[in-house]
Amino acid sequence: IVTKELLKEALQSLYVHSPHRVDAELVDSFYYPAKSGIDASVEAIRQIYTNDAGLTPMEYHEKYPALLNVLPIHLIWGLEDVVTPIDGDVGTFYCDRVANNRGGKGNTSIDVVVSGHLPFDDNPEKSHEGM
């Protein structure tokens with residue numbers, strides 16, 4: 001059974017720089033749709049935990065090189081992201097792409113900021129500096 005307190009703790013684990021940003025309104029925005037039986041909300045949460053995640057970024061780059069080798073990509077990555085860590089598969093892929101000019105166009109860049117999984121909300125000041 002999900003309680004507001006458990007949900008708050010889960011959300012705060014994503015906000016390592018500014019856990020105080022997880023307020024009652026944010027918790028309620030996840031809690032009440034799931035509890036009220038709104039089919040779309042329940043289905044969205046179910047898919048997050050049970051369904052195929054789809055193609056990985058690496059697979060997208062392999063499948064669509066003509067587009068993704070010319071499209072400018074600027075990533076803002078949370079240094080303390082526990083969901084998609086910078087030293088995990090996806091982070092390593094993009095760091096390598098930047099460091100070694102993969103795709104040959106130099107169109108991929110990355111800023112790593114002190115934050116968790118949601119840098120734009122966890123540390124908006126630093127996230128917006130590179131944009």
Can you tell me how far apart [atom1] ([X]) and [atom2] ([Y]) are? Round to the nearest 0.5 Å.
X: Leu14; Y: Glu9; atom1: CG; atom2: CD; value: 12.5 Å
X: Ser115; Y: Trp77; atom1: OG; atom2: CH2; value: 11.5 Å
X: Asp121; Y: Leu11; atom1: CG; atom2: CG; value: 10.5 Å
X: Leu68; Y: Thr108; atom1: CG; atom2: OG1; value: 8.5 Å
X: Arg97; Y: Ile110; atom1: CZ; atom2: CD1; value: 12.0 Å
X: Gln12; Y: Asp122; atom1: CD; atom2: CG; value: 11.0 Å

Transitively linked via ILVMFWY side-chain contacts under 4.5 Å: [X] with [Y]?
X: Leu75; Y: Val70; value: no
X: Val83; Y: Leu118; value: yes
X: Val113; Y: Ile73; value: no

Show me the donor-acceptor pairs, under 3.5 Å and distance only, between side chains in residues 85-95 and residues at least two apart or in other chains.
from: Thr92; atom 1: OG1; to: Asp87; atom 2: O; distance (Å): 3.4
from: Thr92; atom 1: OG1; to: Gly88; atom 2: O; distance (Å): 2.7
from: Tyr94; atom 1: OH; to: His61; atom 2: NE2; distance (Å): 3.0

Taking all heavy atoms of [X] and all of [Y], pick out the closest pair and write down the distance.
X: Asp96; Y: Asn100; value: OD1-ND2, 2.6 Å
X: Leu26; Y: Tyr15; value: CD2-OH, 3.7 Å
X: Gly78; Y: Pro119; value: N-CG, 4.1 Å
X: Thr84; Y: Asp81; value: N-OD1, 2.8 Å

*asked:* For Arg21 and Asn123, which I'm curious about, is there any donor-acceptor pair between the side chains at under 3.5 Å?
replied: no
Are the side chains of [X] and [Y] in touch, meaning some heavy atoms are under 4.5 Å apart?
X: His117; Y: Val82; answer: no
X: Leu71; Y: Asn107; answer: no
X: Val22; Y: Pro19; answer: no
X: Phe120; Y: Ile76; answer: no

Has Ser127 got a side-chain atom pairing as donor or acceptor with Pro124's backbone, closer than 3.5 angstrom?
no
Glu129 and Lys126 ion-paired at < 4.0 Å: yes
(Q) Surrounding CD of Glu25 (heavy atoms of other residues, nucleotides or ligands, distance under 6.0 Å), is the total greater than 12? (A) no
